[in-house]
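Heads up, the thing below is written out as structure tokens.
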Amino acid sequence: MSAELFSLSLAEAGDLLAAGRGSSRDLVEAALGRIEATDARIGAFLRTTPERARAAAAAADGRAAKGARLSPLDGVPIALKDIFLTKGVETTCASRILEGFVPPYDATVVEQLERAGAVVVGKLNMDEFAMGSSNENSAFGPCHNPYDLARTPGGSSGGSAAAVAARQVHGTLGTDTGGSIRLPAAFCGVVGVKPTYGRVSRYGVIAFASSLDQVGPFGRTVRDAALLLQAIAGHDPRDLTSSTRPVDDYVAGLEGGARGLRVGVPREWLAGGLTAGVERAVREALATYERLGAKLVDVSLPHSRYGIAAYYLIAPAEASSNLARYDGVRFGLRADEGRGLKEMYAETRERGFGAEPKRRIMLGTYALSAGYYDAYYLRAQKVRTLVRRDFDEAFRDCDVVAGPVAPSVAFRLGEKTADPLQMYLADVFTITANLAALPGLSVPCGLERESGMPVGLQLVGRPFDEATLLRAARALEREAGPLPAPRIA
Ligand code: GLN
């Protein structure tokens with residue numbers, strides 16, 4: 001059978017089905033076969049759902065035969081970070097504490113994708129409760145970068161990025177609280193979009209830090225990411241933070257180019273701290289924009305240097321509250337030696353949580369405790385306001401802000417696990433968009449000469465202006481051309 005079906009982009013796979021030149025069944029079998037052949041080395045999947053996928057494919061093929069496809073995604077295999085609730089399918093957030101938890105309902109985004117006809121083939125590896133930058137905090141083993149198996153795919157949505165880069169599925173969803181879509185997208189050479197806070201529903205998404213979490217797509221191309229975002233964006237009455245603003249058409253304007261676009265370059269983001277290879281690739285991408293008729297504008301984000309510090313108060317504070325619900329009573333693991341209720345709570349949490357969630361719970365509980373709230377949490381919230389004001393100021397002079405996603409290309413597995421602070425610094429350029437609730441994306445801008453690893457360019461936009469971000473990303477993608485596919489050794 002068509003062995004190379006898995007190498008089609010999501011848009012191409014959809015076009016194939018629309019033209020009646022292939023079936024969803026074949027696409028699903030190709031994806032499952034590809035996962036089978038590669039995932040022992042990549043580790044992107046925590047579980048596949050072949051039966052559910054085959055049934056969905058048969059339904060999609062039935063619709064296609066009648067000329068009644070639901071959307072460009074109808075019949076196309078995709079996969080989900082294991083943070084999204086899937087009815088009847090175990091959902092663990094890569095934590096032992098949720099082992100065996102089978103949700104009674106689907107997250108809104110899962111419903112939306114399935115309503116568009118997309119075929120879910122499995123659940124993807126991630127850092128436990130989305131806490132991490134390398135996918136090494138997964139309780140079920142790390143995920144590997146398809147471009148170099150000794151390196152991290154980035155985190156926390158490592159599986160979501162790796163599965164797309166490794167051509168296992170045509171698109172995926174992840175979440176981004178401080179960079180967890182953009183960082184792995186950059187490390188794995190794919191496109192990852194973190195929408196504006198409130199653009200996509202968080203209902204049925206396991207909460208990490210609720211004021212920062214946002215759902216978004218991964219695609220091999222900008223168009224693929226736009227198609228997925230189109231399917232999931234919009235108001236959800238079940239999520240009170242979701243916006244009622246009408247959703248733009250993300251695909252219509254994609255080929256509009258970069259002429260006249262004002263690209264803000266924050267001077268603090270290129271002021272050292274980048275590896276030479278990343279700096280070169282980012283500067284080349286900026287030069288490409290100039291060549292395409294965009295105007296580079298010098299902007300300043302003076303408070304971004306406090307981003308990491310503010311984030312590591314706010315995110316753990318919210319996490320400590322969100323994770324209080326895992327007590328052995330309602331979800332997943334229960335460690336009950338019959339010694340009493342409090343002992344059961346303590347034993348369950350001791351055994352169920354890994355080191356990083358425990359660290360965050362302790363930091364967050366401390367930051368929120370009486371006498372410390374004003375000194376830490378409240379001050380961090382004030383810094384958050386200043387970070388947002390910096391961006392508001394910058395967007396008076398520019399339409400998008402551009403810079404690096406991360407200080408380096410994908411680092412080696414094990415390289416930063418001994419030092420949490422080093423790990424936290426991987427998000428130094430991404431965290432501010434979450435603090436400011438702004439949309440951001442990562443688009444590949446080439447391979448680093450020294451390592452041969454992908455480099456991503458980050459674009460951050462005005463609130464709800466995902467359409468401009470995607471158009472700008474597409475302009476660069478068209479110039480830079482597709483990255484060579486990884487050779488999975
Ligand atoms: N790496 C950051 C953290 O560990 C961000 C994670 C995320 O965006 N989910 O919190």
Side-chain angles (χ1 to χ4, degrees), residues 80-84 93-95 124-138 142-143 152-161 172-187 192-195 197 200 202 205-218 307-323 353-364 367 380 384 405-408 410-411 415-417 419-442 456 458 460:
L80 305 165
K81 186 177 185 179
D82 205 25
I83 199 168
F84 299 103
C93 229
S95 181
L124 296 159
N125 206 351
M126 55 182 286
D127 284 299
E128 184 174 358
F129 286 106
M131 296 169 181
S133 302
S134 68
N135 211 117
E136 289 164 294
N137 294 334
S138 168
C143 178
T152 166
S156 66
S157 313
S160 304
T172 59
L173 291 190
T175 57
D176 189 313
T177 303
S180 281
I181 290 176
R182 289 158 288 159
L183 182 72
F187 281 7
V193 183
K194 180 203 96 73
Y197 184 78
V200 177
R202 292 182 296 111
V205 183
I206 295 173
F208 164 11
S210 307
S211 76
L212 300 160
D213 297 342
Q214 194 43 207
V215 176
F218 288 86
I308 294 262
Y311 174 90
Y312 278 98
L313 288 166
I314 294 167
E318 294 182 12
S320 70
S321 164
N322 277 324
L323 269 48
F353 287 128
E356 191 62 29
K358 282 179 184 156
R359 186 176 295 125
R360 307 276 177 119
I361 290 168
M362 286 190 285
L363 280 171
R384 190 171 185 177
V405 176
S408 71
F411 45 91
E415 197 177 314
K416 296 188 198 278
T417 41
D419 186 350
L421 273 181
Q422 275 307 311
M423 192 70 91
Y424 297 172
L425 287 173
D427 298 308
V428 63
F429 299 117
T430 49
I431 263 173
T432 46
N434 301 79
L435 290 171
L438 299 173
L441 60 72
S442 173
Q458 178 173 214
V460 178

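For ligands, and for the atoms within them, numbers begin at 1 and follow the listed sequence. Given the structure is predicted, the values throughout are model-derived calculations rather than measurements.
- Scored by the side chain to side chain contact (heavy atoms under 4.5 Å, CB included) test, Ala185 finds Val190, Phe218, Ser442 as partners (sequence neighbours excluded).
- Ala130 pairs by the side chain to side chain contact (heavy atoms under 4.5 Å, CB included) definition with Lys81, Ile83, Met126, Ser156, Thr175, Phe208, not counting sequence neighbours.
- With sequence neighbours left out, the ring-ring contact (aromatic ring centres under 6.0 Å, His included) criterion links Phe129 to Tyr326, Phe353.
- The contact shell of ligand 1, taken as protein residues with any non-hydrogen atom closer than 4.0 angstrom, comprises Ala130, Met131, Gly132, Ser133, Ser156, Asp176, Thr177, Gly178, Gly179, Ser180, Phe208, Tyr311, Tyr312, Arg360, Asp427.
- Using a 3.5 Å distance cut-off with no hydrogens or angles, the side chains of Arg182 and Gln458 do pair a donor with an acceptor.
- Glu318 and Ser211 share a side-chain donor-acceptor pair at under 3.5 Å.
- No side-chain donor from either of Asp127 and Ser138 sits under 3.5 Å from a side-chain acceptor of the other.
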